[in-house]
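Notes follow the structure.
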Number of protein chains: 2
Amino acid sequence: MASPSAAHAVQPLSLDRLKTACSTCGLRELCLPVGLSGEELDRLDNLIYLRKSIKKGTSIYRAGERFDALYAVRAGFFKTTVLLEDGRDQVTGFYMGGELLGMDGIGTEKHTCDAVALEDSEVCIIPFGRLEELSREMHNLQHHFHKVMSREIVRDHGVMMLLGSMRAEERLAAFLVNLSQRFLARGYSPSEFYLRMTREEIGSYLGLKLETVSRVFSRFQDEGMLSVQQKHVRIIDIPRLRALMGQRPC
Amino acid sequence: MASPSAAHAVQPLSLDRLKTACSTCGLRELCLPVGLSGEELDRLDNLIYLRKSIKKGTSIYRAGERFDALYAVRAGFFKTTVLLEDGRDQVTGFYMGGELLGMDGIGTEKHTCDAVALEDSEVCIIPFGRLEELSREMHNLQHHFHKVMSREIVRDHGVMMLLGSMRAEERLAAFLVNLSQRFLARGYSPSEFYLRMTREEIGSYLGLKLETVSRVFSRFQDEGMLSVQQKHVRIIDIPRLRALMGQRPC
DNA sequence: TGCGCCGTTTGATCCACGTCAACCGCGAAA
DNA sequence: TTTCGCGGTTGACGTGGATCAAACGGCGCA
């Protein structure tokens, strides 16, 4: 249903444009526009007018490529991976609607990881130079962008904690609780969802082998904490899962 | 010895002030002022006029405390640690001269880790609100600050890689090579230095137990790659150490 | 409808690192 | 100078997760 203010927009192009805008995006409360006023939103809309479809298995950018934009996930699901010279690679993050990709590239002007779609997806392109420009004029935007970067750092510390001092069960529990919360924030069920990534990708992110991930899933299921079949997960006992992720080994 | 330009500054306060300024700080090429012109540097000096001494073992800030400033290490050495409810804690980083601490706090306005001095140290206080203000007016400062945050993210990805897919020897090699480079960038010897942290702190950072760290040090020494006694390290074969950190297990 | 592939599950075995314990050595305090 | 305590080293042993291997099952494609 078109909003009253859009009713007199007669050109299809204009309508398309409207659909692209942050101001009408369902994810604006999770994404870059958080805290912006109506007028400010309009200015951000002028900056973010390009979108791009990314087919499953293809990448937005790859390590080594020139950095010049950030990407906001509009729809779909992504992973980022870094790789060592010897071919080993590791998943460093999973990204869903409203989350920002590409901040790793600012420091060196080159991307340092690959951002790969785990399903057919769509991203909004945020030219970084213009974002800096605009955030020089818009206090709120500037501050919110700093918050987003800071949270990425805190998230990474959480993963370091997980990789450095948690056992396999605790890691998977933490992973599932985190996914659950993020689905909830996006209006999806926190207790029932489809995993977009393989066991191997989960393992890579958690510093485990796929067999271990599979075994821990089975153990959780045996203990009645959740049910899994393939990529479909239903969490039955979130409190127990949550308790597990901060518990001593013995 | 006072520099010629400071010779006619008669008030002790003024001299003190001069010593505090970024413009005369030996670390300015590594720290926040990177890329600033003379006039810009002066403006930054007006912002960063407070310093603080931190005794060994005490902290600049602790998790949960209100965030309102960043801290640049002027002298000394720090670790940051996060802790789980159950008491487990983990070192998330080591910081030396010219590096910025506290960016984790921006996102939630509360610090999320403790920043503890590993030796008597000194930090410059950078009030964050004023930094945002100034970086709205100064392009270069804004961009450099974004780069610093981005590099923190990339550094964390490196640690995640290390924790998630490297063996103990590779981890310690990577750690030593990293330290070596950072000492070099600060004009110290890249091949001979004193560790400011204990084996336990190294282990915590690398996801290993102190005994393992100790054993790997001994193994490296037996193989002639370095010599260690207590906290004194002399690296004999950097190339071999470097080769080790990107090698397959077998 | 049947075939083949890839992701997953499960079992048997191995090994890198953790755990537990003893001892050493340096530096601070008495 | 001796003592004490903490950080570090080293050894013996245990174990969580890796590795190797086999089989399953859902899905795309012929």
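Protein chains get the first letters and strands the later ones, always in sequence-line order, with residue 1 at the start of each.
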(message) Once you measure the plane-to-plane angle for A/Tyr188 and A/Phe183, does it fall in the parallel (<30°), tilted (30-60°) or perpendicular (>60°) bin?
(response)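 If you compare the ring of A/Tyr188 with that of A/Phe183, the planes turn out perpendicular.
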(request) Given salt bridge (Lys or Arg N to Asp or Glu O under 4.0 Å), test A/Lys79 with A/Glu201 step by step and report yes or no. (result) CA-CA 9 Å; A/Lys79 67 170 177 182; A/Glu201 286 161 338; 2.9 Å; yes
Starting at [atom1] of [X] and ending at [atom2] of [N], how long is that distance when rounded to a whole Å?
X	N	atom1	atom2	value
A/Lys209	C/dA16	NZ	P	14 Å
A/Glu119	D/dC27	CD	C1'	17 Å
A/Arg199	D/dG25	CZ	P	15 Å
A/Arg167	D/dG14	CZ	C1'	14 Å
A/Lys56	C/dC6	NZ	P	13 Å
B/Glu201	D/dC6	CD	P	15 Å
A/Arg171	D/dG16	CZ	C1'	11 Å
B/Leu195	C/dC26	CG	P	17 Å

(message) Test your reading of the model: is there a side-chain donor-acceptor pair from B/Thr58 to the backbone of B/Ile54, 3.5 Å cut-off?
(response) no
Given [N], is OP1 or OP2 found less than 4.0 Å from the side-chain N or O atoms of [X]?
X	N	result
A/Thr198	C/dC6	no
B/Ser218	D/dT10	yes
A/Thr212	D/dA18	yes
A/Ser214	C/dT9	yes

(request) Using only heavy-atom distances, determine whether the side chains of B/His157 and A/Gln90 contain a donor-acceptor pair under 3.5 Å. (result)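 Side chains of B/His157 and A/Gln90: no pair found under 3.5 Å.
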(request) Using only heavy-atom distances, determine whether the side chains of A/Ser59 and A/Asp114 contain a donor-acceptor pair under 3.5 Å. (result) no
(message) I'd like to know if B/Arg215 reaches the base of D/dG8 with its side chain, counting only an N/O donor and acceptor under 3.5 Å.
(response) no
(request) Can you check whether any acceptor in the base of C/dC17 is under 3.5 Å from a donor in the side chain of B/Glu211, or vice versa? (result)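 A donor-acceptor contact between them is absent.
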(request) Show your reasoning for whether salt bridge (Lys or Arg N to Asp or Glu O under 4.0 Å) applies to B/Lys56 and B/Asp120. (result) CA-CA 4 Å; B/Lys56 178 174 175 170; B/Asp120 290 354; over 6 Å; no
(request) Give me the residues of residues 219-234 of chain A where at least one heavy atom lies under 4.0 Å from an atom of DNA chain C, by number, or none. (result) A/Gln230, A/Lys231
(request) Using the salt bridge (Lys or Arg N to Asp or Glu O under 4.0 Å) rule, take B/Arg182 and B/Glu99 through it: C-alpha gap first, then chi angles, then the decisive distance, then the call. (result) CA-CA 10 Å; B/Arg182 284 154 76 193; B/Glu99 295 176 334; 2.9 Å; yes
(request) Starting at CZ of A/Arg215, measure out to CG of A/Leu172 and round the result to the nearest 0.5 Å. (result)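 With rounding to 0.5 Å, CZ (A/Arg215) is 13.5 Å from CG (A/Leu172).
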(request) Please step through side chain to side chain contact (heavy atoms under 4.5 Å, CB included) for the pair B/Ile125 and B/Ile48, ending with a clear verdict. (result) CA-CA 6 Å; B/Ile125 302 177; B/Ile48 308 174; over 6 Å; no
(request) Just call it for A/Leu208: base, sugar-phosphate, or nothing, with non-hydrogen atoms closer than 4.0 Å on any strand. (result)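 Sugar-phosphate contact only.
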(message) Students often get this wrong, so: under 4.0 angstrom with heavy atoms, is A/Gly203 touching a base, only sugar-phosphate, or nothing?
(response)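 Contact class for A/Gly203: none.
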(message) For the helix from C/dT1-D/dA30 to C/dA30-D/dT1, what angle separates the axis at the start from the axis at the finish, each from five pairs, in steps of 10°?
(response)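 So the angle between the two local helix axes works out to 40°.
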(message) Before we go on, tell me: are the rings of B/Tyr205 and B/Phe94 under 6.0 Å apart, centre to centre?
(response) yes
